[in-house]
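In what follows, chains are A, B, ... by sequence order, proteins preceding strands, each numbered from 1.
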Protein chains: 2
Amino acid sequence: MQRSAKIIRLIESEILGGKMPVGQRLESEEKLCERFGVSRTVIREAIQQLRGRGLLRTIKGSGTYIAESNLDTLANAMEAYSALAEDLDFLELIDFRILIETECARLAAIHAGEAVIRELRSLMDAMRQSKADRAEFSRLDIAFHLVIARGSGNRIYATVLRALEKKCIDYARKNRGDSDWFQSIVSTHQAILDAIENGKADVAAEAMHKHLLSSRRQYVDLTDGQG
Amino acid sequence: MQRSAKIIRLIESEILGGKMPVGQRLESEEKLCERFGVSRTVIREAIQQLRGRGLLRTIKGSGTYIAESNLDTLANAMEAYSALAEDLDFLELIDFRILIETECARLAAIHAGEAVIRELRSLMDAMRQSKADRAEFSRLDIAFHLVIARGSGNRIYATVLRALEKKCIDYARKNRGDSDWFQSIVSTHQAILDAIENGKADVAAEAMHKHLLSSRRQYVDLTDGQG
DNA sequence: AGCGATGCACATGACATACAACTGATTCCG
DNA sequence: CGGAATCAGTTGTATGTCATGTGCATCGCT
């Protein structure tokens, strides 16, 4: 194994074990060289990998510090996982997404303020006028879901869904775009929005759940037909 | 900004955009040096960070390749986020955990095989005999939840919960350990297990949800009292 | 004394070079 | 024909050097 590997494990365990509080400065690269008996090359490699994982941040001329928790790191990981996922993993991701989005709809019905609802209404209007432009329609569709996620008040949900967005576009595009499909999407979204406006959490959750399950079914049908 | 930053963004976008399929070999470091007009140091820094993020894997003497999707990477990111999370983020994490575990209980009631159920039974027996040993009891408690997560059949759920395990221990330990508390944990777990054994998905989900909500309440009470 | 400017020690960022260790394929030999 | 030796290519590690930024102490002016 690489020399940097065990150094990474050690520093990682010190951070995760709580021995090094957030914001604390790491020893300088040179000190770490002495301590581990390796060259600066190896130390720097270890630090780079831990930076990539979001555990450290570095300030030139000053030092390397334990990073604060950061949603972007989580988003990166989710996005990477979904982007690299093969078919087998993909259904699990879809179920994951359904679970979270359903909860988001429920929470949005409880927490969403006037601003969020206005935004959702405006997106619905735009979607009705974008029947012809499939790319734009798809973009608005995703935006609708993301606004609801934000309206849930839980940033983790919003972050995870934002990360899954790209892949969702990919398989959403595969759906046939006939008029029935368009109308069904619009009316389902409207049902979700109505429930959120009226603060009916369970209704909103169920409507969202139904919506996503039908989307899931289409994906399954498509891939079964192919593979 | 660092020179490696834009190289990272570029390679990342090529991978996530699907231009580079999983398993494909990256250009050699030397070629990348030419292409970007930087030294090998910079190229290696970029590669190290992307390795840390799980997007690349390297084989000495052979080359650097686009990594396949990997649950460990996801687990690392979740664990890092939860470990570095401050109080404000922490309730969001707890709600996230509740959402997933509730779904796991539901799915376990549907999918769990005889092996999983035997394991859960055995853990229940062990818990009843560990009333005195709080550390052991806590360990078994967590194991119970993780087995259910595995029994859900969705590896993402199991992975996420495994990553949150450490933090959960921390705040679970803060709970008072009187006899009532012990008895309530045991009977709640038993209720969940019964529902899973009988394939009653909704009952299992509700029992799990209740269980976790009471745990959440205790955490809120504790931190409110402190801060 | 107050306070800004300067300078210095130290830190990370980047480059160049050299060699070690490994891989994969080709070539050579029995 | 099969296996061993060889070789070009590639990543891993070490070392040295300089550039550039940070943070602190020191100095000098008012």
Side-chain angles (χ1 to χ4, degrees), chain A residues 1-12 14-15 19-68 70 72-73 76 80 84, chain B residues 1-12 14-15 19-68 70 72-73 76 80 84:
Chain A
M1 212 54 230
Q2 290 177 196
R3 288 183 193 274
S4 56
K6 73 162 160 265
I7 297 174
I8 289 173
R9 275 200 300 274
L10 205 149
I11 297 178
E12 178 194 19
E14 281 186 2
I15 298 174
K19 292 176 189 170
M20 312 211 67
V22 167
Q24 176 162 332
R25 188 174 169 282
L26 221 60
E27 297 168 87
S28 75
E29 294 175 353
E30 207 171 356
K31 299 271 178 61
L32 290 170
C33 292
E34 290 179 32
R35 182 168 138 200
F36 291 108
V38 295
S39 71
R40 204 181 151 206
T41 309
V42 173
I43 295 295
R44 283 184 65 80
E45 279 200 9
I47 291 176
Q48 297 302 329
Q49 286 203 36
L50 289 169
R51 284 208 326 172
R53 283 167 51 177
L55 286 170
L56 298 176
R57 72 192 164 87
T58 292
I59 299 175
K60 174 175 176 178
S62 174
T64 300
Y65 302 82
I66 313 298
E68 67 276 16
N70 172 220
D72 285 343
T73 306
N76 281 337
L84 302 175
Chain B
M1 210 55 230
Q2 291 178 191
R3 289 185 194 274
S4 55
K6 74 163 159 262
I7 297 174
I8 290 173
R9 276 200 299 273
L10 205 149
I11 296 179
E12 177 194 18
E14 281 187 2
I15 296 175
K19 293 177 189 169
M20 312 211 67
V22 167
Q24 175 161 333
R25 188 174 170 282
L26 220 60
E27 297 170 85
S28 75
E29 294 175 354
E30 207 171 356
K31 299 269 178 63
L32 290 170
C33 292
E34 290 180 32
R35 182 167 138 200
F36 292 107
V38 295
S39 72
R40 206 179 149 206
T41 308
V42 173
I43 295 297
R44 282 184 67 80
E45 274 194 16
I47 291 176
Q48 297 301 330
Q49 287 202 35
L50 290 169
R51 283 207 328 172
R53 283 167 50 177
L55 286 170
L56 298 177
R57 70 191 166 87
T58 290
I59 299 176
K60 174 175 176 178
S62 175
T64 300
Y65 302 84
I66 313 298
E68 67 276 18
N70 172 218
D72 286 342
T73 306
N76 281 337
L84 302 175

Enquirer: Is there a donor on the side chain of Arg40(A) or the base of dG13(C) sitting less than 3.5 Å from an acceptor on the other?
Expert: yes
Enquirer: Do side-chain atoms of Arg3(A) reach the backbone of Phe36(A) as a donor and acceptor pair under 3.5 angstrom?
Expert: no
Enquirer: To the nearest 0.5 Å, how far apart are OG1 in Thr58(A) and CZ in Arg44(A)?
Expert: 8.0 Å
Enquirer: Counting heavy atoms from C-beta on, name the nucleotide in dG13(C), dA11(C), dG12(D) closest to the side chain of Gln2(A).
Expert: dG12(D)
Enquirer: I need the CD-C1' distance between Glu29(B) and dA14(C), as an integer number of Å.
Expert: 15 Å
Enquirer: Please report the distance, rounded to the nearest Å, between CZ in Arg57(A) and P in dT12(C).
Expert: 13 Å
Enquirer: Separation of Ile8(A) atom CD1 from dG12(D) atom C1', in whole Å?
Expert: 13 Å
Enquirer: What I want to check is whether the side chains of Gln2(B) and Ser4(B) have a donor and an acceptor closer together than 3.5 Å.
Expert: yes
Enquirer: Between dT20(D), dT13(D), dT11(D), which nucleotide gets closest to the side-chain atoms of Lys60(A)?
Expert: dT20(D)
Enquirer: Both Ser62(A) and Val42(A) contact DNA chain D. Taking the nearest nucleotide for each, which residue is further toward the 5' end?
Expert: Val42(A)
Enquirer: Can you find a side chain N or O atom of Thr41(B) that sits less than 4.0 Å from OP1 or OP2 on dA14(C)?
Expert: no
Enquirer: Write down the distance between CD (Glu27(A)) and C1' (dC10(C)), rounded to a whole number of angstrom.
Expert: 15 Å
Enquirer: On DNA chain D, does the nearest nucleotide to Tyr65(A) precede the nearest nucleotide to Leu26(B) from the 5' side, or the other way round? Give the residue.
Expert: Leu26(B)
Enquirer: Counting only side-chain N and O atoms of Arg44(B), is one of them less than 4.0 Å from OP1 or OP2 of dA14(C)?
Expert: no
Enquirer: Take atom CD of Glu34(A) and atom P of dC10(C), then tell me their distance rounded to the nearest Å.
Expert: 13 Å
Enquirer: Would you kindly give the CD1-to-C1' distance between Ile43(B) and dT10(D), to the nearest whole Å?
Expert: 14 Å
Enquirer: Using whole Å, report how far CD of Gln49(B) lies from P of dG13(C).
Expert: 10 Å
Enquirer: Could you tell me the separation between the CD1 atom of Ile47(A) and the CD1 atom of Ile7(A), rounded to the nearest 0.5 Å?
Expert: 9.5 Å
Enquirer: Checking all strands, does Glu45(B) fall into the base, sugar-phosphate, or nothing category for heavy-atom contacts under 4.0 angstrom?
Expert: sugar-phosphate
Enquirer: From Glu12(A) CD over to Leu56(A) CG, what is the distance, rounded to the nearest 0.5 angstrom?
Expert: 10.5 Å
Enquirer: Using atom CG of Leu50(B) as one end and atom C1' of dT11(D) as the other, report the distance to the nearest whole Å.
Expert: 16 Å
Enquirer: Ser39(B) has a side chain; which of dT10(D), dA21(C), dC15(C) sits nearest to it?
Expert: dC15(C)
Enquirer: Does the side chain of Arg3(A) get closer than 4.0 angstrom to OP1 or OP2 of dA14(D) through an N or O atom?
Expert: yes
